[in-house]
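What follows is a short report on a single structure.
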Amino acid sequence: MNFNLKVIFAGGLAMYVTQWILSMLSGPLIHEGILTELYIQTQAFWRPELNQQPPDMVALLPRWITVGVIAALIQATIYDNIRSAFDGSGLVKGLKFGLVVFLFHLCFSAGWSGVFNLPEMIWVWWNVEFLVMFLAGGAVLGTVAGKLAPE
């Protein structure tokens, strides 16, 4: 297994920052817009901080940032070990990786939808958001990895 620290840290962090920026756009649109009423109807599923008025997002930031960075570093490690399986430039390889990650996410999401009784529209919009996040994050990861550590 490869552990190219440039790809893992620079690529993973670039991926994380890209996804964080996108979440600042998708949050108000999807989570504070389209899904607001469904979230209110299913509030028993959400952390207490999210049920406060107004929601206490700052209380959850340490968890969200920690989990997000760790996940991005793990994904960058995986990408570095399988990127040779993809054809194309760094950008294209990253997009393909993002699609693969999304497909795995979709499988897990389908499974979890059989456990958590949430409205289908929540699952649909979460998956739309993750598709965009994984494609954009993968594209950035692939581009950074291609520049810092060409194969």
Side-chain angles (χ1 to χ4, degrees), residues 1-36 38-39 42 45-50 55-116 118 120-151:
M1 187 159 192
N2 272 341
F3 291 103
N4 185 318
L5 296 181
K6 287 183 200 175
V7 172
I8 293 169
F9 287 102
L13 291 176
M15 176 182 183
Y16 173 76
V17 168
T18 299
Q19 292 172 331
W20 181 265
I21 291 168
L22 284 173
S23 75
M24 295 298 116
L25 301 172
S26 66
L29 174 68
I30 295 172
H31 305 290
E32 296 169 15
I34 296 169
L35 297 177
T36 300
L38 291 174
Y39 287 160
T42 58
F45 285 95
W46 316 126
R47 292 184 173 278
E49 298 88 348
L50 296 174
D56 188 3
M57 308 295 233
V58 173
L60 294 172
L61 282 177
R63 178 186 184 93
W64 290 345
I65 292 169
T66 301
V67 169
V69 169
I70 291 170
L73 297 176
I74 291 169
Q75 289 175 65
T77 303
I78 294 167
Y79 174 75
D80 191 39
N81 281 274
I82 68 169
R83 66 180 163 150
S84 62
F86 300 116
D87 292 330
S89 65
L91 172 70
V92 171
K93 288 181 178 203
L95 283 169
K96 290 177 180 179
F97 176 72
L99 182 60
V100 168
V101 173
F102 172 72
L103 292 173
F104 276 108
H105 163 81
L106 200 58
C107 293
F108 290 118
S109 181
W112 283 115
S113 73
V115 175
F116 295 106
L118 295 171
E120 292 302 319
M121 287 311 292
I122 289 178
W123 296 105
V124 167
W125 280 104
W126 283 355
N127 288 319
V128 166
E129 181 180 38
F130 275 105
L131 175 62
V132 172
M133 295 287 187
F134 289 135
L135 289 175
V140 169
L141 171 60
T143 299
V144 170
K147 290 180 192 259
L148 292 179
E151 293 180 272

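Note: I78 CD1 to D80 CG = 11.0 Å, rounded to the nearest 0.5 Å. Considering CH2 of W126 and CG of L106, their distance stands at 14.0 Å, rounded to 0.5 Å. Of the inter-residue distances, the one linking L95 atom CG with L135 atom CG reads 6.0 Å to the nearest 0.5 angstrom. Distance check, rounded to the nearest 0.5 Å: CE of M15 to CG of L73 gives 10.0 Å. Note that OH of Y16 and CG of L141 are 15.5 Å apart. Values are rounded to the nearest 0.5 Å. Separating the CD1 atom in I122 from the OH atom in Y39 is a distance of 6.0 Å, to the nearest 0.5 Å.
Here E151 pairs with K93 in a salt bridge; the nearest charged N to carboxylate O distance falls below 4.0 Å.
Minimum heavy-atom separation, A59 to P62: O-CD, 3.6 Å. Across all their heavy atoms, G12 and A72 have their closest contact at O-CB, 3.3 Å. Of all the heavy atoms in S113 and A110, the pair that sits closest is OG-O, 2.6 Å. In terms of heavy atoms, Y79 sits closest to G142 at OH-CA, 3.4 Å. In terms of heavy atoms, A10 sits closest to L148 at CB-CD1, 3.3 Å.
Under a cut-off of 6.0 angstrom, the local environment of CH2 in W112 is sparse, with at most 12 non-hydrogen atoms contributed by other residues, nucleotides or ligands.
Remark: side-chain polar atoms of T66 are not paired, donor with acceptor, to backbone N or O of R63 under 3.5 angstrom. Distance alone, capped at 3.5 Å, is enough to place a donor-acceptor pair between the N81 side chain and the N2 backbone.
With a 4.5 Å cut-off on side-chain heavy atoms, W123 and S109 count as touching. The side-chain heavy atoms of H31 and W125, taken from C-beta on, include no pair separated by under 4.5 Å. Two residues are said to be in side-chain contact when any heavy atoms from C-beta on lie closer than 4.5 Å; V7 and R83 meet this criterion. A 4.5 Å side-chain heavy-atom check between T77 and M1 finds at least one atom pair inside the cut-off. You'll find the side chain of I70 reaches within 4.5 Å of the side chain of I74, heavy atoms only. For the pair T18 and M133, the minimum side-chain heavy-atom distance is 4.5 Å or more. Between L35 and L38 there is a side-chain heavy-atom pair separated by less than 4.5 Å. Looking at heavy atoms from C-beta onward, V58 lies out of side-chain contact with E49 at the 4.5 angstrom threshold.
Sorted by first then second residue, the salt bridge (Lys or Arg N to Asp or Glu O under 4.0 Å) pairs that include residues 3-22, not counting sequence neighbours, number zero.
Ring-plane geometry between F102 and F134 is classed as tilted, the angle between the planes lying from 30 to 60 degrees on a 0 to 90 degree scale. Ring geometry for F116 versus F45: interplanar angle over 60°, hence perpendicular rather than tilted (30 to 60°).
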Would you list the atom pairs, donor with acceptor, under 3.5 Å between side chains in residues 22-29 and any protein atom, with sequence neighbours excluded?
from: S23; atom 1: OG; to: W20; atom 2: O; distance (Å): 2.6
from: S26; atom 1: OG; to: L22; atom 2: O; distance (Å): 3.3
from: S26; atom 1: OG; to: E129; atom 2: OE2; distance (Å): 2.4

